[in-house]
Amino acid sequence: MASNSRKEKIVVTNLHKYFDKNEVLKGVDAVITEGEVVCVIGPSGSGKSTFLRCLNKLEDVTSGKIVIDDYDITDKKTNINKVRENIGMVFQQFNLFPNMTVKKNIMMAPVELKKMTKEEAEKKALQLLERVGLGEKAAAYPGELSGGQQQRVAIARALAMNPDIMLFDEPTSALDPEMVGEVLDVMKELAAEGMTMVVVTHEMGFAREVADRVLFMADGGIVEEGTPEEIFDNPQNERTQDFLKKVL
Amino acid sequence: MDFSRVFSEAMPLLLNGLKMTVIASLVSILIGMVIGLFICLMKMSKNIVLRAIAGVYIWIIRGTPMLVQALIVFFGIPQLIQLAVPDFRSNAITAGIITLSINAGAYLAEIYRGGIMAVPKGQSEAARSLGLSQSKTMIKVVLPQAFKFSVPSLVNQFIITIKDTSILTVIGMAEVVNVAQQYVGSTFVYFETYSIVALMYLAIISILMVISNFIEKKLKYEEKKSGK
């Protein structure tokens, strides 16, 4: 337990990750507390997506420790599938299952993992679709939807397992500009409801508005972190200044 | 031309042979599909021993003619078994189906593997991120999509298996070519008899192609709806 009142949800200690001989993460430390919205920004190749993907072990960790809700996921004995049930993930490329309807996409995990009966999962799916503004699309196939709609379904799918952490890996980077807003709106609502969120993003406006804290990553490490005001209005590190000059 | 003679004399025989061809093909394809799935999963497994076994299996089956395999299964292996069980007799149908099945299995394993590799990695990542185990991810998410990618190659393999049954005439399995050979052996009406046999194959494979076109069209429609 941390000394502050909020519970620590994610504790990352000295995280290293190699792809072959290439060191992508060079000792990352981070603590994310319950209900916090953390945006990770930085140039491409800085390791921010890899960092995010380590948090639910989609990438194996080379060394270091990641503790989620008191479960050490870097410990081989931890049942990673159980931990993942509480961590929703949204991908840049949506990754909806193309051979299932929107409703089936959302129902699949809760039913397969026996979290809900079929009836409960169906009810939940329709509820979630309503919530992301796609109530009428339950019977559609992913291919019939626009990118923005697909990403909203992907968020609904991740929420179906009732996770208490949501990871977003550049959720709007593959979208046409006019669809970015609808996805960010859903994410803002989630943030307002107190979801713990880690968001890798290029949407500086979103980070500034929604994040409690911004991590700036470069060259495999967290170079600077702080509130959006600190990072965007008064960056201390030269690389942060340089990056923001280019993107803002 | 003596087609009418062949029709009246040999048709019941040939149809019996054709029945054997169809049954042997169907059974072998079904068994081969199961063998192929196991070999494919072994070949994609992280376990090096399983991978090696699958690799050797595919290597041997693809690297030797089916004719020779049939001879080994029907004549060779029974000889070995007889050392232990002197009364053992091999049976042409069983040997034929075994040969066809292990053969189809090797090729189907590679077809499945191609299909599995064609499923984007993001699909299994999405399933794993929801908490599905590796095997559930395979069964629920990857294999159904892989199957769709594999349909054209699967149909091709079915056609090959049906035609390959004719090779089994060398071990005396009473499929359509074998009964035709027996008939012409005493009547010498080669052209007519073998033409009828060829047409019989053509008919069966045409039926298969119609079915497969139908399936492909159906899947394509779904694909269109689901955008790839």
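Labels below follow one simple rule: chain letters A, B, ... track the order of the sequence lines, proteins then strands, and each chain is numbered from 1.
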What parts of residues 131-144 of chain B touch chain A if we use heavy atoms and a cut-off under 4.5 Å?
B:G131, B:L132, B:S133, B:K136, B:K140, B:V141, B:P144

So how far is it from B:R128 CZ to A:N81 CG, rounded to the nearest 0.5 Å?
5.0 Å

Within this structure, what is the CG-OG distance for the pair A:L55 and B:S129, rounded to the nearest 0.5 Å?
12.5 Å

When the 4.5 angstrom heavy-atom criterion is applied to A:R53 and chain B, the contacting part is side chain

What distance separates A:L58 CG from B:E125 CD, expressed to the nearest 0.5 Å?
5.0 Å

Residues of residues 84-97 of chain A contacting chain B, heavy-atom criterion under 4.5 Å, by residue number:
A:R84, A:E85, A:I87, A:M89, A:F91, A:N95, A:L96, A:F97

B:I48 CD1: over 12 foreign heavy atoms closer than 6.0 Å:
no

Over 12 non-hydrogen atoms of neighbours within 6.0 angstrom of OH in B:Y201:
yes

Take atom OH of A:Y71 as the centre, draw a 6.0 Å sphere, and report whether it contains more than 12 heavy atoms from other residues, nucleotides or ligands.
no

So with a 6.0 Å cut-off around CE of B:M11, is the heavy-atom count from everything else above 12?
yes

Could you tell me whether B:K163 atom NZ has more than 12 heavy atoms of other residues or ligands within 6.0 Å of it?
no

